[in-house]
Amino acid sequence: MDRNDFLIPLNGLSQGRTASCLEVDKEFFESFGNSEILDADLTALVEVEKSGQYIGVDCNVSGEVSVACDRCLDPLSVPVDTTARLSIKFGKGEASAQDENDTPEREVVQVSDADADFDLAQVIYDYVCLSLPVLRMHPEGKCNPQMLEYLQSGISVNRSENDSQNSPFAVLEGIFRK
């Protein structure tokens with residue numbers, strides 16, 4: 001995976017619409033230090049529109065990522081379908097100022113006049129991570145049966161008499177038995 005594929009050249013961008021297709025895989029998430037996403041097979045369809053000073057970026061990311069199930073820790077395939085709609089503004093102007101091409105559902109991103117490129121990798125990473133569900137579990141009955149059996153048996157703690165006598169809390173053991 002080449003991180004340069006995710007750069008949008010702001011200075012050399014021609015007027016009109018430009019479309020591209022980017023592949024996002026496990027290596028992409030590893031480059032961000034993400035260990036939660038075990039595998040990924042995503043496609044990012046990016047459309048950049050330039051009209052005068054206006055630059056609009058529409059990025060639709062779809063596919064599947066594999067994460068660990070919160071219940072059984074086996075890999076779980078989670079579908080991803082998220083869209084980032086950005087308006088890129090130059091300078092230190094007010095971020096809330098609306099252009100004639102801006103719509104309320106676009107996120108305004110301020111960049112310096114000196115910036116030659118806009119890195120879309122961070123945007124894709126953030127939108128994919130935010131699109132994942134908080135609870136990541138297999139449907140009922142689909143989890144690893146061995147792990148479920150282990151969890152249902154509970155963890156039993158065997159204590160010997162010596163352990164309870166050496167404990168600093170041993171004197172409190174019979175406090176409520178009066």
Side-chain angles (χ1 to χ4, degrees), residues 1-51 53-93 95-96 99 101-140 142-144 146-147:
M1 180 208 69
D2 188 10
R3 287 287 292 263
N4 290 330
D5 292 343
F6 294 90
L7 295 178
I8 297 173
L10 299 176
N11 291 339
L13 195 60
S14 60
Q15 296 287 331
R17 293 181 184 263
T18 306
S20 63
C21 182
L22 303 170
E23 296 300 319
V24 180
D25 56 9
K26 178 183 177 179
E27 186 180 328
F28 174 84
F29 291 98
E30 287 175 346
S31 71
F32 283 95
N34 186 315
S35 60
E36 287 184 22
I37 296 181
L38 307 173
D39 200 7
D41 183 20
L42 300 170
T43 302
L45 299 173
V46 181
E47 188 173 288
V48 181
E49 178 185 0
K50 183 174 182 182
S51 174
Q53 289 287 8
Y54 169 78
I55 297 177
V57 179
D58 292 334
C59 179
N60 183 294
V61 183
S62 60
E64 290 186 344
V65 296
S66 180
V67 295
C69 174
D70 290 337
R71 190 181 301 138
C72 71
L73 301 179
D74 277 0
L76 168 69
S77 182
V78 178
V80 172
D81 190 13
T82 186
T83 301
R85 301 193 69 209
L86 311 173
S87 288
I88 299 175
K89 303 275 187 188
F90 291 98
K92 296 181 180 180
S96 63
D99 220 356
N101 294 321
D102 288 348
T103 58
E105 61 269 356
R106 285 196 177 274
E107 184 178 343
V108 178
V109 179
Q110 292 288 139
V111 295
S112 167
D113 289 330
D115 286 345
D117 298 314
F118 178 72
D119 189 4
L120 196 58
Q122 184 69 53
V123 173
I124 292 172
Y125 175 80
D126 291 343
Y127 272 77
V128 169
C129 289
L130 289 172
S131 75
L132 298 177
V134 175
L135 293 174
R136 303 166 186 166
M137 294 185 291
H138 288 105
E140 200 64 40
K142 300 289 184 186
C143 278
N144 181 338
Q146 291 174 326
M147 181 60 87

Practice task
Identify, with sequence neighbours excluded, every residue that meets salt bridge (Lys or Arg N to Asp or Glu O under 4.0 Å) alongside Arg136.
Solution key: Glu36
Completion exercise
All heavy atoms of Lys50 vs all of Gln15, minimum pair found to be O-OE1, 3.3 Å
Practice task
Please report the C-alpha distance between Glu47 and Thr18 in whole Å, then the side-chain angles of each, then the deciding distance to 0.1 Å, and finally whether the side-chain contact (heavy atoms from CB on, under 4.5 Å) criterion is met.
Solution key: CA-CA 6 Å; Glu47 188 173 288; Thr18 306; over 6 Å; no
Practice task
Test Asp39 against Lys26 for salt bridge (Lys or Arg N to Asp or Glu O under 4.0 Å), laying out the working first.
Solution key: CA-CA 5 Å; Asp39 200 7; Lys26 178 183 177 179; over 6 Å; no
Problem - Non-hydrogen atoms of Met137 and Cys69 that approach each other most closely - result: CA-SG, 3.6 Å
Donor-acceptor contacts under 3.5 Å from residues 128-135 side chains, at least two apart:
residue, atom, partner, partner atom, Å
Ser131, OG, Val128, O, 2.8

Exercise for the section: State which residues pass side chain to side chain donor-acceptor pair (under 3.5 Å) with Asn144; sequence neighbours excluded, sorted by chain then number. Expected result: Asp74
Handout entry: Note, Leu10 side chain near Phe90 side chain (heavy atom, < 4.5 Å)
Key = yes
Exercise for the section: Find the distance between CD1 (Ile88) and CZ (Phe118) and round it off to the nearest 0.5 Å. Expected result: 4.5 Å
Exercise for the section: Identify the two heavy atoms, one from Met147 and one from Arg71, that lie closest to each other, and give their separation to 0.1 Å. Expected result: CG-O, 4.1 Å
Residues 59-68 side chain polar contacts: donor-acceptor under 3.5 Å, at least two apart:
residue, atom, partner, partner atom, Å
Asn60, ND2, Thr83, OG1, 3.1
Glu64, OE1, Ser77, OG, 2.9

Practice task
Please name all residues satisfying side chain to side chain donor-acceptor pair (under 3.5 Å) with Asp70, sequence neighbours left out, ordered by chain then number.
Solution key: none
Exercise for the section: Look at the aromatic rings of Phe28 and Tyr125 and report parallel, tilted or perpendicular, splitting at 30° and 60°. Expected result: tilted
Handout entry: Sub-4.5 Å side-chain heavy-atom contact between Phe32 and Gln122
Key = yes
Exercise for the section: Look up atom CD1 in Ile124 and atom CG in Leu22, then write down how far apart they are to the nearest 0.5 Å. Expected result: 5.5 Å
Practice task
Only counting residues at least two apart or in another chain, list the ones meeting side chain to side chain contact (heavy atoms under 4.5 Å, CB included) with Asp117.
Solution key: Leu7, Pro9
Exercise for the section: Calculate, to the nearest 0.5 Å, the distance between atoms SG and CD belonging to Cys72 and Gln146 respectively. Expected result: 11.0 Å
Handout entry: Spacing of CZ belonging to Arg17 relative to CG belonging to Asp58, to within rounding of 0.5 Å
Key = 7.5 Å
Exercise for the section: Of all the heavy-atom pairs spanning Arg106 and Ser87, show the shortest one and how long it is. Expected result: CD-OG, 3.0 Å
Practice task
Can you measure from CG (Leu86) to CD1 (Ile55) and round to the nearest 0.5 angstrom?
Solution key: 11.5 Å
